Asker: 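Sending over a structure as structure tokens; questions will come in a sec.
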2 protein chains.
Amino acid sequence: MSDSVAAVAASKPERGGRGAKTLIEYAYQRLRKDIISGALAPDSKLRIEHLRAQYEIGSSTLREALTLLVADALVVSEGQRGFRVAPISLEDLKDVTRMRKMMETLALRESIERGDDQWEAGIVAAFHRLSRVEERLEAEAEQVAESWEDRNSDFHKALICACSSRWILHFREILYHQSERYRRFSLVSQRGERDVHAEHKAIMDATLARDGDLACRLIEEHMDKTLSNMTGMVS
Amino acid sequence: MSDSVAAVAASKPERGGRGAKTLIEYAYQRLRKDIISGALAPDSKLRIEHLRAQYEIGSSTLREALTLLVADALVVSEGQRGFRVAPISLEDLKDVTRMRKMMETLALRESIERGDDQWEAGIVAAFHRLSRVEERLEAEAEQVAESWEDRNSDFHKALICACSSRWILHFREILYHQSERYRRFSLVSQRGERDVHAEHKAIMDATLARDGDLACRLIEEHMDKTLSNMTGMVS
DNA sequence: CAAGGAAAAAATATCGATATTTTTTAAAAC
DNA sequence: GTTTTAAAAAATATCGATATTTTTTCCTTG
């Protein structure tokens with residue numbers, strides 16, 4: 001028996017990568033990635049049969065993963081008419097940004113009030129890791145892009161993880177994924193005109209200096225710039 | 001064949017009540033009701049096999065309904081260890097209330113700014129329906145309670161439905177269900193010491209008078225009172 | 001030639017069976 | 001008397017087959 005298992009394992013290279021304990025999680029992550037990256041276009045139909053063949057996953061498992069994505073508002077399910085990728089719109093992007101600013105500043109303010117030494121260390125470390133990948137970014141571009149997204153996400157999470165409100169963090173997370181999706185649609189124009197690295201540095205400095213007002217102002221500007229960059233590109 | 005179908009249909013009286021187009025939705029509604037009412041206790045394990053027998057629904061369907069409830073944070077799913085009812089705590093109740101106040105006032109302010117005649121009419125109508133069921137409440141109590149919950153929910157929704165932010169309304173809805181659950185756990189003490197009807201009336205009057213500041217202050221007090229009533233009862 | 005409607009095709013929703021994993025139970029060893 | 005290990009039981013996760021519903025196709029009818 002172990003032979004055939006080994007053979008199968010070889011042909012399907014670790015489906016369950018990135019610590020996906022369950023197949024549903026694997027499907028969820030993969031689908032989410034495809035939606036955020038735009039490989040699955042906004043508003044397009046998600047046909048179970050089709051995805052089933054493509055991802056080599058049973059229909060029930062797929063449906064469950066899709067349902068998980070409905071919770072993230074990346075997928076919508078219409079009655080008896082299956083699933084489709086959530087639509088995007090300029091209006092929605094503005095709404096997302098507005099809410100994000102609210103959640104992010106709330107979380108940052110409280111983190112600055114409550115954060116301890118370990119929290120500070122986490123921020124510095126995440127900033128360092130982000131900086132490292134940014135160095136490589138100029139040369140290799142495409143391949144590093146995904147890794148940059150991850151580390152950017154980690155950095156911002158490190159900033160606010162000392163916030164005690166489960167709900168703020170929960171909503172913030174959902175909104176972050178939403179904005180990530182919009183960001184991908186305007187990836188080209190994002191860099192160049194803007195020194196994201198310097199912005200991050202300023203935010204970190206203000207945060208470590210425990211200057212809540214300044215840190216919040218900077219992070220709001222950070223998000224506003226992202227919005228401006230995208231405005232006009234989406235519908 | 002039609003005979004057996006008819007027989008089955010008779011024994012299962014309309015499972016799909018309250019406009020549940022799909023079985024998943026039916027299971028979802030039923031589970032949610034049982035969780036909010038406390039029939040399914042906080043933190044208790046939700047065994048698929050058990051529920052399957054009890055609700056007469058296939059396992060995949062049940063899992064999907066459960067996943068839907070994870071999105072509402074009424075159920076938590078732990079890796080390869082199934083589902084369980086989300087725990088409750090005083091800390092969480094405070095967090096929920098804080099966020100609710102934020103979402104509710106944001107939504108109310110914008111509704112007051114944007115609401116039209118139809119919005120006003122909807123509020124008056126919902127208030128009327130709520131008042132009617134409150135009259136009956138004093139006598140029959142238990143049976144009317146559920147209907148009161150529905151109409152209370154409708155009234156509060158009517159107040160803020162003119163808000164244009166999809167996300168505020170989305171988060172507000174999730175939080176409302178959370179608080180509904182906490183409220184059920186302290187149902188007895190709720191009425192009596194408090195004139196909820198008068199509070200609703202005052203909120204409605206301020207809203208229709210387009211006095212955003214007053215309406216928001218009143219609705220925050222409304223929610224704070226609910227919190228005070230519950231504090232000390234949960235864990 | 002447009003509108004409507006029946007038949008066919010495609011897709012979704014649902015189910016129960018099987019494979020995996022976790023938990024419990026019991027026995028053995030230290 | 002604990003702790004370990006092994007076996008059994010229970011529960012979850014996954015799958016593909018079937019039943020329902022929706023969509024498309026194509027023929028009829030006005």
Side-chain angles (χ1 to χ4, degrees), chain A residues 1-9 11-12 14-31 40 43-70 75-86, chain B residues 1-9 11-12 14-31 40 43-70 75-86:
Chain A
M1 191 190 182
S2 55
D3 290 28
S4 66
V5 167
V8 169
S11 68
K12 294 175 190 168
E14 277 292 356
R15 70 175 188 176
R18 220 192 328 239
K21 264 278 170 271
T22 180
L23 243 193
I24 291 168
E25 220 172 312
Y26 163 77
Y28 167 72
Q29 289 181 5
R30 200 166 153 193
L31 281 165
L40 292 168
D43 223 33
S44 65
K45 199 116 192 24
L46 293 166
R47 289 193 187 77
I48 303 281
E49 282 304 304
H50 189 240
L51 295 171
R52 194 172 108 79
Q54 192 171 344
Y55 291 13
E56 300 178 47
I57 282 174
S59 46
S60 303
T61 306
L62 249 166
R63 286 184 62 88
E64 222 174 302
L66 252 5
T67 303
L68 240 21
L69 285 161
V70 170
V75 164
V76 294
S77 114
E78 332 169 44
Q80 213 108 328
R81 232 154 291 155
F83 301 88
R84 64 174 56 225
V85 180
Chain B
M1 191 190 183
S2 56
D3 290 27
S4 65
V5 168
V8 169
S11 68
K12 295 175 190 169
E14 275 291 358
R15 70 175 188 177
R18 222 193 323 242
K21 264 277 169 273
T22 180
L23 243 193
I24 291 168
E25 221 172 310
Y26 164 78
Y28 167 73
Q29 288 180 7
R30 201 166 151 192
L31 281 165
L40 292 168
D43 223 32
S44 63
K45 199 116 194 23
L46 293 166
R47 288 194 187 76
I48 304 280
E49 282 303 304
H50 189 240
L51 295 170
R52 195 172 108 78
Q54 192 171 344
Y55 290 16
E56 301 179 46
I57 282 175
S59 46
S60 304
T61 306
L62 251 167
R63 287 184 61 89
E64 221 174 303
L66 253 5
T67 303
L68 239 21
L69 285 162
V70 171
V75 164
V76 294
S77 112
E78 332 169 44
Q80 213 108 326
R81 233 154 290 156
F83 301 86
R84 64 173 55 226
V85 180

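For clarity, every value in this text was computed on a predicted model and none was experimentally measured. Excluded from the calculations below are hydrogen atoms, water molecules and symmetry mates; all remaining heavy atoms, backbone and side chain alike, are included. Numbered from 1 within each chain, the chains take letters A, B, ... in sequence-line order.
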Asker: Whether the side chain of A:Ser59 and the base of D:dC15 hold a donor-acceptor pair under 3.5 Å is what I'd like checked.
Answerer: no
Asker: Quick one: which of C:dA11, C:dT14, D:dA11 gets closest to the side chain of B:Leu23?
Answerer: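 Looking only at side-chain atoms, B:Leu23 lies closest to C:dT14.
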Asker: Quick one: are A:Tyr28 and A:Thr22 in side-chain contact, heavy atoms under 4.5 Å?
Answerer: no
Asker: Quick check for you: among D:dT23, C:dT12, C:dT14, whose closest atom lies nearest to any side-chain atom of B:Thr22?
Answerer: C:dT14
Asker: Using heavy atoms to find the nearest nucleotide of DNA chain D for A:Ser60 and A:Gln80 separately, return the residue whose nucleotide is more 5′.
Answerer: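 Here A:Ser60 is the residue nearer the 5' end.
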Asker: Please state how far atom CD in B:Glu64 lies from atom C1' in C:dA13, giving the value in whole angstrom units.
Answerer: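 Taking CD of B:Glu64 and C1' of C:dA13, I get 8 Å after rounding.
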Asker: Do side-chain atoms of A:Arg52 reach the backbone of A:Gly58 as a donor and acceptor pair under 3.5 angstrom?
Answerer: no
Asker: Give a yes/no answer on whether the side chain of B:Arg63 brings an N or O atom under 4.0 Å of OP1 or OP2 in D:dA13.
Answerer: yes
Asker: Whether the side chain of A:Arg84 engages the backbone of A:Asp43 through a donor-acceptor N/O pair (distance < 3.5 Å, no angle test) should be reported.
Answerer: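 Checked: pair present.
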Asker: Without decimals, in angstroms, what is the distance between B:Ile48 CD1 and C:dT21 P?
Answerer: 18 Å
Asker: Taking the side chain as everything from C-beta on, heavy atoms only, tell me whether B:Arg63 gets closer than 4.5 Å to B:Ile48.
Answerer: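 Yes. Closest side-chain heavy atoms under 4.5 Å.
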Asker: Without decimals, in angstroms, what is the distance between A:Glu25 CD and D:dT12 P?
Answerer: 17 Å
Asker: Between P on C:dA11 and CG on A:Leu46, what's the gap in Å once rounded to a whole number?
Answerer: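 Roughly 13 Å, once rounded to whole Å.
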Asker: In whole angstroms, how far is the P atom of D:dT22 from the NZ atom of B:Lys21?
Answerer: 8 Å
Asker: Using only side-chain N and O atoms of A:Lys45, determine if any of them is under 4.0 Å from OP1 or OP2 of C:dT12.
Answerer: yes
Asker: Taking B:Leu62 as the fixed residue, which of B:Leu46, B:Leu51, B:Ile24 is the one that meets the side chain to side chain contact (heavy atoms under 4.5 Å, CB included) rule?
Answerer: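 With B:Leu62 as partner, B:Leu46, B:Leu51, B:Ile24 yield a single side chain to side chain contact (heavy atoms under 4.5 Å, CB included), made by B:Leu51.
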Asker: Which whole-number value in Å describes the distance from B:Ile57 CD1 to D:dA19 P?
Answerer: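 Checked: the CD1 to P distance equals 19 Å.
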Asker: Which whole-number value in Å describes the distance from A:Leu68 CG to D:dT14 P?
Answerer: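 The answer, rounded to whole Å, is 12 Å.
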Asker: For C:dC15, does the base pair up with any side-chain atom of B:Thr61 as donor and acceptor (N or O, under 3.5 Å, distance only)?
Answerer: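 Flag unset: no donor-acceptor pair detected.
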Asker: Whole Å only: how far is the CD atom of B:Glu49 from the C1' atom of C:dC15?
Answerer: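 Computing the B:Glu49:CD to C:dC15:C1' distance gives 12 Å.
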Asker: Where each residue is assigned the nucleotide of DNA chain D containing its nearest heavy atom, which of A:Arg52 and A:Arg81 is assigned the position nearer the 5′ end?
Answerer: A:Arg52
Asker: Using a heavy-atom cut-off of under 4.0 Å over every strand shown, decide if B:Leu62 touches base, sugar-phosphate, or nothing.
Answerer: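 The residue B:Leu62 makes no contact with any strand.
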